[in-house]
Amino acid sequence: MSTFRDERFLRIVGQIAFAAAVVLFALWCLGNYRARGLSFSFAFLQDEASFDLAEGMAFSPIDPYWKAFIVGLVNTIKVAILGIILATILGTITGVARLSTNWLISNIASVYIEIIRNTPLLVQLFFIYFAVALKLPELRDRLVLPGPIFLSNRGIHLVWWRPTASFTWWVPFWIVALVAAVGIYLWRVRLEGRRRRPVSRLPWAFLALVIPLIGWLLVPGNPLYADKPAVEGLKVVGGTSVSPEFAAILFGLVIYTGAFIAEVVRAGIMAVPRGQTEAARAQGFTEMQILRLIVLPQAIRIIIPPLISQYLNLTKNSSLAIAIGFLDLYAVSNTMLNQSGRIVEVFIMVMAAYLSMSLTISLIMNVANRRLAMVER
Amino acid sequence: MKAISWIVVSLLVLGVLLAACAAPAPPEEGEAAPSVTGARIQTILDRGKVICGCNAELPGFGYLNPAGDFEGFDVDFCKAIAAAVFGDATAVEYRPLTAAERLPALQTGEIDVLIRNTTWTLTRDAVNEVDWAAVTFYDGQGMMVPVATGWTSLDDMEGATVCSTTGTTTEMNLADAFRSRGLDYTPLLFEKTQDTATAYEEGRCDGQTSDKSQLAALRSAMENPADHVILDVTMSKEPLGPLTAHGDNKWNDVVRWVVWGMMQAEESGVSSANVDQMLSSDDPTVKRLLGVEGEMGSSLGIPNDFVVQIVKQVGNYGEVYNRWLGPDGLNIPRGPNELWTNGGLLYAMAFR
């Protein structure tokens, strides 16, 4: 037997040949780039950006380019995390609703899923931004909801709670409450084991919230005060705000991805054998208990792998934000590459950033998947 | 064991790859862009048409009209180049480009010439490796606000939200203008000019900033143009003109003399109405300009009567200006875009 018949040897040779091809291709690209008289360098990242960014972290024109990139990255991560959480909630509710025996509920869910899944996201974003968010009244004619909450085409401005000097005295009460909540929860779990039937756990744990409430009365002064928004000149001061661009991209992504997640959830639930439901029903479980204790725990194992794809899609789709003026990673990079002229460098950074985000999401979800994976008996 | 060896191999490969990227040899001076230099004019002649990068959504400058044709001030210069090279103003293939796409399209050789209201700046000239041929329009960055606000200068705009388009010089000029006045403001950026205008019109921002010519164009397309006013403030110099890829002087020369030919035609009184009579003019400048005398065109590598073809098919500079930007078009006063003989900045180099 010669070494050329050795499968392991051939595999290694194949890998090395492929790697060499990749390296040669990269060098060839770099050579072409140089031949056009272009230089390749990331030194511009230290230069003064001299443009302004209004969304997210504080940024001024004298900050360097790399900080602008970070601002964009943080904005994208913010949208991705909030989007994933909200889309999962919306998708789960809609997925379960579509399987409901109630004609109205299941059909409302179906119509939502079919309309949203079958129209392009960019069109939906334009609709949400230009036809909904910007059609709100102007700031001087703003809608004022109790709170106060201002609704206008400049965004949502709402009251926000900020800590006062006595806040530090209040913190220990929260720590005690947290410990108590965990204690109560563990006690209920043990009780469940002893009684051999399900008992409610979370509602009991929330009883611990009484402790901070008592703390509020004991602490001198109020630990929090309400920072209310007020219009001053052309802008709103105080409180906190959500820009129309952020609201539009977040809701757009949640509504769009939610429809896909709903189908994933539905498929997962339907994959749980009918016998499971029937057996549970025969044993006297209520419909809610069947869903919560029998069906969903089994369905989630089927749901997670396709769910990863949806999370990745949501994160990458957030790059459409540039169309509606939200300063996400891609929008900031677009400005960066135009002002610096470092097009290839900036695009490499953008690709690396999205790749890292996607790989991180995959990693987290795969760990979750492994821990929940079906143990065949 | 097996897995470990794969990891080792992969890491080695990755290391080689990184080393190749991380240790860039200094680019050799003097041998820049051999594949581009001088070859472009031949490529264009062989192809039989000029590929012109332009704007598709800026009325008056570069606009895709409802009939599906490109039209406007910038587009007419594309036509003029085609008329000069091929004697046929229709031998143009238009490539509509966004602000961010335009320079890469030129660098990669996808287009022959870029005429898309692009400001001539040092950074773009040096870092982006592009060459301007001439200035066709002297512009300045302005600010459009609703008439109802009663504002007359930037100082009235403390705390305002200002919309602009990303990938342009306006972002930086805006930051400079407000920073130097010590004014607080919020920028809001969009990718497409039309979206910027829509957001402004919907009242999302208190003002919109861009080149004044562009603001005039956008205002003309608004629901109530009279409700908006362009403030008498100029935040920056914005010289706009056609560009070619860096290092191709021969092709760059053709483009710049096309532009100067149109200016000289206006200066010498040659227009589409009288160009045939002018062929028999006694004025030596006109004779050289129209190719009756001398080898002006042929020395550039294009037909000797290139100015005749441009003026006949497209018009001289003044005619093109009036067609799109004059009283019948966007109605922008000529101001600095008047001939030097009339107190403006347009000055064609000598046809000699």
Side-chain angles (χ1 to χ4, degrees), chain A residues 8 11-12 15-16 18-20 22-23 26-27 30 32-41 44 49-55 60-62 126 129-130 133-135 137-139 152-154 232-235 243-245 322-325 327 331-332 334-335 337-344, chain B residues 2 5-6 9-10 12-13 16-17 20-21 24-25 27-28 31-36 99-100 103-104 107-108 123-124 126-129 157-161 163 166-169 171-172 174-176 178-179 184-192 195-196 198-199 202-204 206 245-247:
Chain A
R8 270 185 60 192
R11 273 191 195 164
I12 292 173
Q15 289 271 320
I16 290 173
F18 179 74
V22 170
V23 171
L27 289 176
L30 202 65
N32 269 344
Y33 196 65
R34 292 258 170 72
R36 276 170 173 70
L38 299 166
S39 61
F40 187 84
S41 154
F44 76 97
S50 68
F51 52 79
D52 238 323
L53 299 173
E55 181 94 40
S60 88
I62 49 170
F126 271 122
Y129 184 65
F130 286 106
L134 291 194
K135 290 293 177 192
E138 298 204 3
L139 193 55
S152 71
N153 65 4
R154 295 301 167 89
E232 204 171 87
L234 293 172
K235 47 183 187 174
S243 72
E245 293 77 29
I322 190 175
I324 54 168
L327 280 172
V332 173
N334 206 40
T335 301
L337 68 89
N338 269 289
Q339 308 302 13
S340 68
R342 297 286 173 188
I343 292 153
V344 176
Chain B
K2 210 172 182 180
S5 66
W6 287 126
V9 170
S10 314
L12 273 176
V13 168
V16 172
L17 202 66
C21 294
E28 283 100 317
E31 62 159 41
S35 57
V36 175
L103 296 182
Q107 290 165 338
T108 54
T123 309
R124 284 178 178 165
V127 179
N128 288 71
E129 306 278 351
M157 298 184 71
E158 164 68 27
T161 303
C163 283
T166 180
T168 63
T169 45
E171 287 171 69
M172 294 157 115
L174 179 69
D176 288 352
F178 276 79
R179 201 153 44 118
D184 186 29
Y185 80 107
T186 309
L188 186 64
L189 306 171
F190 292 86
E191 190 183 23
K192 301 248 180 205
D195 296 338
T196 317
T198 307
E202 293 284 357
R204 172 65 184 96
D206 302 298
H246 184 69

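In what follows, chains are A, B, ... by sequence order, proteins preceding strands, each numbered from 1. In this text, all values refer to a predicted model and were calculated from it rather than measured experimentally.
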Search all heavy atoms of [X] against all heavy atoms of [Y] and return the closest pair with its distance.
X	Y	value
B:Arg204	A:Ser243	NH2-CB, 4.3 Å
B:Ala99	A:Asn338	O-OD1, 3.8 Å
B:Ala175	A:Ser50	CB-O, 3.9 Å
A:Glu138	B:Gly203	OE2-CA, 3.8 Å
B:Glu171	A:Phe51	OE1-CB, 4.2 Å

Quick one: what part of [X] sits under 4.5 Å from any heavy atom of chain B, side chain, backbone, both or neither?
X	answer
A:Ala133	neither
A:Leu327	side chain
A:Ile322	both
A:Ser340	backbone

To the nearest 0.5 angstrom, please state how far the [atom1] atom of [X] sits from the [atom2] atom of [Y].
X	Y	atom1	atom2	result
A:Asn334	B:Glu191	CG	CD	6.0 Å
B:Thr198	A:Phe126	OG1	CZ	9.0 Å
B:Thr108	A:Ile343	OG1	CD1	9.5 Å
A:Leu53	B:Thr186	CG	OG1	12.0 Å

Do the side chains of [Y] and [X] get nearer than 4.5 Å, heavy atoms only?
X	Y	answer
B:Glu202	A:Tyr129	no
A:Thr335	B:Leu189	yes
B:Leu188	A:Glu55	no

Is a salt bridge present between A:Arg154 and B:Asp206, judged by a nitrogen-to-oxygen distance below 4.0 Å?
->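 Answer for the salt bridge query: yes.
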Considering only heavy atoms, which portion of B:Arg179 lies under 4.5 Å from any heavy atom of chain A: side chain, backbone, both, or neither?
->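 Contact with chain A involves the side chain of B:Arg179 alone.
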Do B:Tyr185 and A:Asp52 get their side chains close enough for a donor-acceptor pair, meaning under 3.5 Å?
-> yes
For side-chain contact (heavy atoms from CB on, under 4.5 Å), just list the numbers for B:Thr123 and A:Gln339, CA-CA rounded to whole Å, side-chain angles, deciding distance to a tenth of an Å, and then say yes or no.
-> CA-CA 8 Å; B:Thr123 309; A:Gln339 308 302 13; over 6 Å; no
